[in-house]
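To start, the structure under review is shown below, and the notes come after it.
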Amino acid sequence: MTHQGIWVVAEQTVSGISRVSFELLAKARELKEQGRVQAPVTAVLLGENLDDYYSAKLMEAGAETIILVDHPALRYFQNETYAAVLKALAEERQPSIILMGATAAGSDFAPTLGAKLRTGVSAHCVDMRLNEEGHLVAVVPAFGGKVLGDILCTNFRPQIATVRPGILGKVICFMHKQCPVERFDITDILAQDQGRVKALGITYEEMKGVPLEEAELVVAGGFGIESKEIWQQLETLAAVLGGAVGCTRPPLDEGWAKESQMIGTSGKSVRPKIYIGVGISGATHHICGMKDAGLVISINKDEKSPIFDVSDIRITADAAAILPLLIEGLQKNEDDVIC
Amino acid sequence: MALNIAVCIKSVPDPKWYEKITIDTKTKTITRKGIPSIINPVDKNALEAALKLKEQYGGKVTVLCMAPPGAKNELYEAMAMGADEAALLSDLAFAGADTLATSYTLAQGLNKLGKFDLVLTGTESADGATAQVPAQLAEWLNIPHLWNVKEFVLATEQEIHAKVKMDDAVGEYVIQLPALLAVSREINKPRYTTAMGVMKARKKTLTNLSKHDLDVNESLIGQVGSPTWSGDISIPSLARKGQELIGTPEEIVTQLIAKLRAAGIREGRGMVNDASGNLGSGRTDG
Amino acid sequence: MFTFTEEQEMLRKVIREFVEAEVAPKAQEWDEANHCPVELFPMLGEMGIVGTFVPEEYGGAGLGFVERSICLEELARHSAGLAITVMAHQLCMGGILNFGSEEQKKKYLPDLATGKKIGSLSLTEATGGSNFMGQKSTGEYKDWQWVINGRKCFITNSHLADVDLWTVITGQNEKGKPIMTAFIIDKDTPGHTAGRTEHKLGLCSSNTGDVSCVNVKLSPQQMLSQEGDGPKIALSTIQEVGRAGMSAICLGILRGCLEESVKFSNERIIYGKPLNKLMNIQFTIAENKLDYESAKLLTYRAASMKDKGLPCACEFALAKYAGNEGAIRAAKRTIDMMGGYGVINEYPIGRFLRDTLAGSTAGGTSDILKVVIAAETLKG
Ligand SMILES: Cc1cc2nc3c(=O)[nH]c(=O)nc-3n(C[C@H](O)[C@H](O)[C@H](O)COP(=O)(O)OP(=O)(O)OC[C@H]3O[C@@H](n4cnc5c(N)ncnc54)[C@H](O)[C@@H]3O)c2cc1C
Ligand SMILES: Cc1cc2nc3c(=O)[nH]c(=O)nc-3n(C[C@H](O)[C@H](O)[C@H](O)COP(=O)(O)OP(=O)(O)OC[C@H]3O[C@@H](n4cnc5c(N)ncnc54)[C@H](O)[C@@H]3O)c2cc1C
Ligand SMILES: Cc1cc2nc3c(=O)[nH]c(=O)nc-3n(C[C@H](O)[C@H](O)[C@H](O)COP(=O)(O)OP(=O)(O)OC[C@H]3O[C@@H](n4cnc5c(N)ncnc54)[C@H](O)[C@@H]3O)c2cc1C
């Protein structure tokens with residue numbers, strides 16, 4: 001087969017490059033080694049004002065060659081343009097594997113790219129490996145994370161896969177000195193754009209505290225929190241512990257929490273060192289997003305609730321009784337801590 | 001101005017039962033016996049959005065599903081909710097489709113049914129949950145699309161303004177009709193189906209379309225037309241050996257604080273020893 | 001052999017979805033607060049749940065009694081209190097639909113069928129429900145008006161109804177027997193007031209109480225059908241609408257008992273195994289299942305006979321008797337099976353027992369039902 005090498009499509013964010021891009025580069029390097037792939041791991045980044053900072057970061061995270069596509073038209077994600085650019089690049093360079101983050105943008109333009117190239121796309125993978133023949137085996141969740149399936153795409157190239165942010169977890173700092181950086185010109189591609197979709201702008205949600213995906217401690221609340229007032233106690237607890245607040249789906253519907261705080265199949269995957277779940281029953285949809293946490297502590301008034309099966313520390317109690325005592329206890333003892 | 005709207009609905013096993021799913025270890029297939037089928041939950045939001053548009057601008061709402069024959073129940077339910085017509089794409093040759101083949105078949109179904117101003121889908125199904133069908137369907141139909149739409153309005157006869165959920169952000173877009181929008185669940189609250197609706201549904205038209213009724217290239221449908229295939233499937237065990245903290249709430253909290261401390265917690269300052277990756281995502285040089 | 005049509009199966013599915021979302025989560029709370037969730041009425045109306053059997057021309061869903069039973073069973077599965085509220089409201093509509101003039105139907109039914117207004121039927125008096133010819137309320141024709149006086153008790157929706165159907169004694173015939181006549185009374189008619197509210201053993205999320213009339217003046221247009229038609233209206237409404245509704249409500253409670261017993265016996269671990277590994281517990285499940293299935297067959301058979309226009313008084317008596325007694329047995333059995341948990345109010349099973357006991361007399365006590373059944377059976 002003529003298709004060679006592993007590509008990682010990185011993503012520009014307001015503050016630099018999305019963390020999942022680095023997770024993917026680490027994984028790509030691992031796959032390369034495992035499959036004794038000759039071709040270098042390539043990072044492709046689309047965006048605007050892509051200065052040396054970006055190539056340095058990508059290189060540090062494991063890229064061995066870099067393709068930067070820098071154009072004002074790429075400022076905001078826009079599927080038609082993004083997919084057209086990637087299609088042109090992939091047809092010209094013929095990579096064997098293209099990995100993307102299953103972010104809002106990646107989840108949308110990976111399938112478009114797949115359709116344009118008439119090839120397969122594995123969605124929202126939680127893990128991947130190369131088999132003996134060197135084909136990509138992507139582990140894909142279904143049924144709310146209950147079932148995992150190996151997805152292969154043996155007869156078509158490239159093999160495209162999106163990977164959920166936070167799932168791979170590991171980011172590695174590589175110590176190499178130099179890697180080729182190429183800038184790809186898209187003037188011709190843009191000329192063909194039909195302008196059927198126009199991006200007007202993007203508004204970022206105001207984030208308070210530690211970002212959920214990066215927090216080392218997550219306090220997550222579910223429907224068992226029962227009221228806005230108790231929810232505030234949950235937030236206080238997270239603040240006292242220096243962690244982030246996560247949630248299941250019902251608190252969104254109740255208006256206690258925000259979309260960006262949801263953990264699970266349709267939300268975020270977290271792997272904090274400590275996860276404290278309060279008033280959460282433990283539906284697969286949620287567990288799928290927190291199963292990799294270090295220490296799992298659960299507080300639920302129902303001793304039979306399934307969350308206890310996946311917990312290290314189980315507390316059968318009323319959240320409303322425990323939360324104030326816990327906050328008080330932690331605050332009281334703060335001074336005693338020997339640093 | 002009347003709108004011709006198509007809504008793609010998938011028939012899925014009810015997510016409330018996913019804990020009960022098992023795998024047949026011999027045949028390596030997922031056993032969903034006894035689990036009732038429902039309309040994929042977010043597809044009801046798509047249908048609701050279509051019905052609202054129809055109420056506002058007039059027109060017609062057609063629901064479409066590719067599935068085995070039993071899915072006619074879900075299509076009748078969609079008509080009970082208010083859709084005017086339904087089409088079921090059903091053929092043994094469609095089976096085993098991945099998202100590319102599914103979206104190709106749906107596209108050929110839509111082409112057969114007419115010209116639509118707007119195609120609505122959900123963001124993702126509850127079972128397969130790849131979220132890939134909408135983008136690929138738009139590609140086969142050669143129309144623009146937006147995915148994860150949480151709000152939209154018809155700005156002019158040819159244009160829709162939409163708000164799209166991004167990561168911790170909301171993007172705003174203008175998209176030209178005909179277009180496809182994949183809507184997310186916060187876009188609306190689907191109406192309940194009424195008793196009157198149920199009775200009207202059976203009088204509406206449900207068209208069955210097999211591969212012979214469609215203009216399909218046989219190498220693009222079903223398993224044959226699917227570039228991906230699935231190997232092993234498994235149900236991972238996530239069980240942990242839990243320790244129960246017992247006592248009065250005060251006693252429990254004392255034990256818990258000790259546990260947290262043992263795990264390296266310092267109040268207000270997070271973890272004691274930050275041993276995580278040193279490659280943050282933010283740029284610090286401003 | 002009775003089977004459901006595909007429409008009926010779908011109707012059950014969509015009503016269940018509604019009930020699980022809007023009723024189930026709050027049922028216990030309503031019960032504890034003695035709150036009748038009238039705020040749901042407009043929505044129930046829109047869904048066709050209250051106006052099920054009212055023809056479309058009067059704003060109803062235009063369906064039959066099988067469909068009505070499905071709706072009531074699904075409501076009662078989670079809240080028998082709400083179900084009896086709807087059922088009693090339907091008694092009022094049933095009376096007007098079957099005996100009202102075209103003008104009365106046009107005036108009252110659309111708002112009632114769509115849940116914009118609430119109805120009640122006031123028959124029972126302190127002197128006896130079963131002995132309803134013994135009632136004392138009176139109607140007197142004076143100055144081109146009917147003047148109504150009397151007090152009704154145990155009336156569902158007493159404090160909520162906008163439209164109240166009354167039976168009163170308007171005179172005596174040649175043989176000295178009372179002449180009973182029915183009237184439609186609007187809520188704000190002077191002299192028509194709700195009295196005490198009953199605190200009941202069960203069905204606490206329904207409103208039951210006294211209603212009285214003191215010199216309530218009604219124009220002759222408020223009379224339902226003709227003078228002397230009271231017994232016919234009352235009997236047919238109670239037997240065919242009330243009893244039919246109560247059997248569906250009992251059925252819903254029975255299904256609640258069955259489902260709770262299955263759930264609990266699966267989840268409760270005893271001797272390291274689920275409770276239902278014990279054979280006596282399996283017997284409980286089997287008995288609950290039998291009680292439910294037999295009441296189900298009786299209820300839907302009677303309802304389908306009613307829809308076909310066949311006489312079915314005995315069939316509904318059988319259905320309500322089997323359903324009510326079955327539900328009492330199943331609830332008790334399930335409480336026993338649950339051990340200590342059975343009497344803890346976090347579980348709905350205690351409420352199911354209270355509800356089914358409280359609903360025993362409505363639509364006819366078991367003894368009255370046996371009288372009806374025996375009379376029909378002995379007729380040969
Ligand atoms: C364990 C497992 C893993 C899988 N992984 C992959 C994979 O990685 N890549 C891949 O290509 N396929 C995969 N599949 C196959 C995929 O699930 C099927 O192709 C499925 O028919 C369509 O995809 P979806 O359910 O993910 O739909 P989504 O793309 O998640 O559905 C989005 C929307 O598209 C519409 N829609 C989807 N399907 C239909 C339909 N049949 N009829 C009408 N409207 C519809 C609905 O509006 C729906 O809300 C996997 C299947 C399983 C069981
Ligand atoms: C397609 C689809 C996608 C989904 N995606 C996600 C997702 O990404 N993330 C997600 O989380 N969910 C998701 N869901 C929803 C998911 O299926 C569950 O419904 C949800 O996770 C349940 O949330 P919960 O545990 O907070 O609520 P519940 O299941 O209602 O549980 C509440 C728990 O609180 C306990 N409790 C009650 N009161 C108290 C008290 N006073 N003190 C202590 N405990 C108490 C109860 O015992 C119970 O265990 C999805 C659903 C679907 C259909
Ligand atoms: C929750 C609830 C809601 C109600 N809602 C309404 C309503 O909306 N409208 C309304 O008009 N009424 C309503 N009722 C009243 C109900 O219809 C009566 O309670 C019922 O008819 C029985 O009448 P009673 O209470 O006077 O008992 P009685 O008639 O005094 O009966 C006492 C006992 O005698 C037995 N008995 C009576 N007659 C005979 C007989 N001939 N042969 C054998 N045994 C007999 C009975 O079985 C019973 O055991 C409601 C009652 C309840 C509890």
Side-chain angles (χ1 to χ4, degrees), chain A residues 15-16 18-19 22 53 80 103-104 107-108 111-112 115 119-121 123 142-144 146-153 156 171 173 196-205 216 240-242 260 273-274 284 287 291 295 308-315 317 321-322 325-326 329-330 334 337, chain B residues 15 18-19 21 30 98-100 127-132 135-136 139 144 147-148 165-176 227-236 238-240 242-245 249-250 252-253 256-257 259 263 265-271 277-279 281-283:
Chain A
S15 55
S18 66
R19 185 184 154 96
F22 303 137
Y53 163 85
E80 302 225 320
T103 56
S107 305
D108 185 33
T112 304
T119 186
V121 186
F143 296 95
K146 168 96 182 176
V147 175
L148 294 178
D150 288 351
I151 302 292
L152 292 96
C153 173
F156 295 81
V171 166
C173 188
R196 299 187 297 187
V197 186
K198 280 196 284 289
L200 300 177
I202 187 162
T203 319
Y204 288 90
E205 224 178 70
E216 307 220 308
V240 169
L241 290 168
S260 57
K273 295 201 171 133
I274 303 178
T284 31
I287 293 177
K291 62 180 173 40
L295 182 71
F308 285 143
D309 300 339
V310 297
S311 303
D312 300 301
I313 296 179
R314 306 191 309 249
I315 297 171
I322 297 289
L325 287 173
L326 184 56
L330 287 166
E334 190 159 6
V337 179
Chain B
Y18 285 1
E19 326 284 326
I21 282 176
I30 296 163
D98 72 358
T99 64
L100 193 65
D127 55 351
T130 64
Q132 295 185 160
Q136 298 191 323
E139 191 61 28
W147 179 77
N148 227 2
K165 277 202 299 176
M166 308 292 290
D167 307 299
D168 305 330
V170 176
E172 282 185 54
Y173 294 87
V174 185
I175 185 167
Q176 279 174 17
T228 68
W229 55 277
S230 99
D232 263 7
I233 48 173
S234 62
I235 293 183
L238 304 172
R240 297 185 189 220
Q243 181 200 349
E244 169 113 44
L245 302 188
E250 287 77 9
I252 288 176
V253 165
L256 180 56
I257 292 177
K259 293 270 177 202
I265 271 295
R266 268 191 331 177
E267 299 80 359
R269 274 152 278 178
M271 309 291 294
N278 42 12
L279 239 174
S281 61
R283 71 187 292 178

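Everything quoted here is computed from the prediction, not taken from an experiment. Only heavy atoms go into these numbers, but all of them, side chains included; no hydrogens, no water, no symmetry mates. Below, chain A is the first sequence line, B the second, and so on; all start at residue 1.
Between atom CD1 of residue A:I315 and atom CD of residue B:E244 there is a gap of 8.5 Å, rounded to the nearest 0.5 Å. Between atom CZ of residue A:R314 and atom CG of residue A:D309 there is a gap of 8.5 Å, rounded to the nearest 0.5 Å.
Heavy-atom pairs under 4.5 Å with chain A peak, among B:G231, B:A129, B:P144, B:A135, at B:P144. Ranked by heavy-atom pairs shorter than 4.5 Å toward chain A, the options B:V174, B:I233, B:N148 are led by B:V174. Per-residue counts of heavy-atom pairs under 4.5 Å with chain B were compared for A:L152, A:D108, A:L200, A:V147; the largest is that of A:L152. Among A:I151, A:V121, A:T284, A:I322, the residue with the largest count of heavy-atom pairs under 4.5 Å with chain B is A:V121. Counting heavy-atom pairs closer than 4.5 Å to chain A, the top residue among B:K165, B:Q132, B:E250 is B:Q132. Between chain B and the residues A:K146, A:R196, A:E80, the most heavy-atom pairs under 4.5 angstrom are made by A:R196. The candidate from A:S260, A:A199, A:A317 with the greatest count of non-hydrogen atom pairs under 4.5 Å with chain B is A:A199. Of the listed residues (B:D232, B:I175, B:I30), the one with the most heavy-atom contacts under 4.5 Å to chain A is B:D232. Chain B forms the most heavy-atom pairs under 4.5 Å with one residue out of A:I287, A:T119, A:L295, and that residue is A:T119.
The side-chain heavy atoms of B:Y18 and B:D127, taken from C-beta on, include a pair separated by under 4.5 Å. Contact check for A:V310 versus A:K291: no side-chain heavy atoms found under the 4.5 Å cut-off. B:I257 has its side chain within reach of A:L326: a pair of non-hydrogen atoms, C-beta onward, lies under 4.5 Å apart.
Using a 4.5 Å cut-off between heavy atoms, B:I252 touches chain A through its side chain atoms alone. With a 4.5 angstrom heavy-atom cutoff, B:A131 touches chain A via backbone and side-chain atoms both. Looking at A:D312, both its backbone and its side chain come within 4.5 Å of chain B, counting heavy atoms on both sides. For B:E139, the part lying near chain A is the side chain, with the backbone staying farther off; criterion is any non-hydrogen pair under 4.5 Å. With a 4.5 Å cut-off on non-hydrogen atoms, B:I235 touches chain A through its backbone and its side chain both. Both the backbone and the side chain of B:I21 come within contact range of chain A, judged by heavy atoms closer than 4.5 Å. In this structure, the portion of A:S311 lying under 4.5 Å from any heavy atom of chain B is its backbone and not its side chain.
Minimum interatomic distance between A:A115 and B:L100 (heavy atoms only, all atoms of both residues): CA-CD1, 3.6 Å. Residue B:T228 comes nearest to A:G120 through the heavy atom pair CG2-CA, 3.5 Å, listed as atom of the first residue, atom of the second, then distance. Closest approach of B:Q136 and A:P111 over heavy atoms only: NE2-O, 2.9 Å. Shown here for A:Y53 and A:S15, the closest heavy-atom pair between the two residues is OH-O, 4.0 Å.
For the salt bridge (Lys or Arg N to Asp or Glu O under 4.0 Å) test, no residue two or more places apart in sequence or in another chain qualifies with B:D167.
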